[in-house]
Amino acid sequence: MGVGNKRTLTKTRRHTRDLDQIKADLLVPKHLSQYQDTKSKEDLPGLGRWYCIECAKWYDTEVNLVMHRKGKPHKRRVKSLRDEPYTQKEAEAAAGLGVQVEDPSKATQNEVEMAT
């Protein structure tokens with residue numbers, strides 16, 4: 001009875017922090033320190049000394065971190081972090097769950113018809 005879909009298992013294993021979480025880490029250092037405090041230093045690569053904030057990854061040595069920062073995946077992540085994350089209102093509007101605003105001129109016409 002092994003794993004049914006190994007691809008799904010691999011994808012969830014590689015999952016890092018979402019862009020909105022990383023954006024919060026960049027804006028408020030308290031979020032980053034709370035996240036790093038949840039991890040045990042002994043279990044992290046390089047005892048948790050070299051951390052890339054934008055990619056939410058730890059590295060064994062400073063050389064690996066510097067090489068990572070020169071690479072394409074890091075640069076792509078930095079570029080995607082420049083965009084402003086979507087708000088909850090925008091997400092609801094895209095899903096069709098937002099508040100529908102009626103045209104005020106139509107509302108006054110209906111009220112006039114009801115009053116007479």
Value rounded to 0.5 Å, distance of CZ in R69 from SG in C55: 9.0 Å
Sub-4.5 Å side-chain heavy-atom contact between Q21 and Y35: no
Pairs involving residues 24-34, ordered by first then second residue, that meet salt bridge (charged side-chain N to carboxylate O under 4.0 Å, His left out) (sequence neighbours left out): R17-D25
Side chain to side chain contact (heavy atoms under 4.5 Å, CB included) involving R76 - partner list, sequence neighbours excluded: K72, P73
Close side-chain approach of K23 to L19, heavy-atom, < 4.5 Å: no
Shared-cluster residues of M67, by chain and number - hydrophobic side chains joined below 4.5 Å: V63
Residues clustered with L27, ILVMFWY side-chain links under 4.5 angstrom: V28
By side chain to side chain donor-acceptor pair (under 3.5 Å) - contacts of H68 (at least two apart): Y59, H74
Sequence-distant partners of K70, side chain to side chain contact (heavy atoms under 4.5 Å, CB included), two or more places apart: V66
Any side-chain heavy-atom pair of I22 and R77 under 4.5 Å: yes
E62 atom CD: more than 12 heavy-atom contacts under 6.0 Å: no
S33: side chain to side chain contact (heavy atoms under 4.5 Å, CB included) partners, not counting sequence neighbours: none
Report, one line per pair, each donor and acceptor closer than 3.5 Å where one atom sits in a side chain of residues 41-54; sequence neighbours left out.
from, atom 1, to, atom 2, distance (Å)
E42, OE1, S40, OG, 2.8
R49, NE, G46, O, 3.3

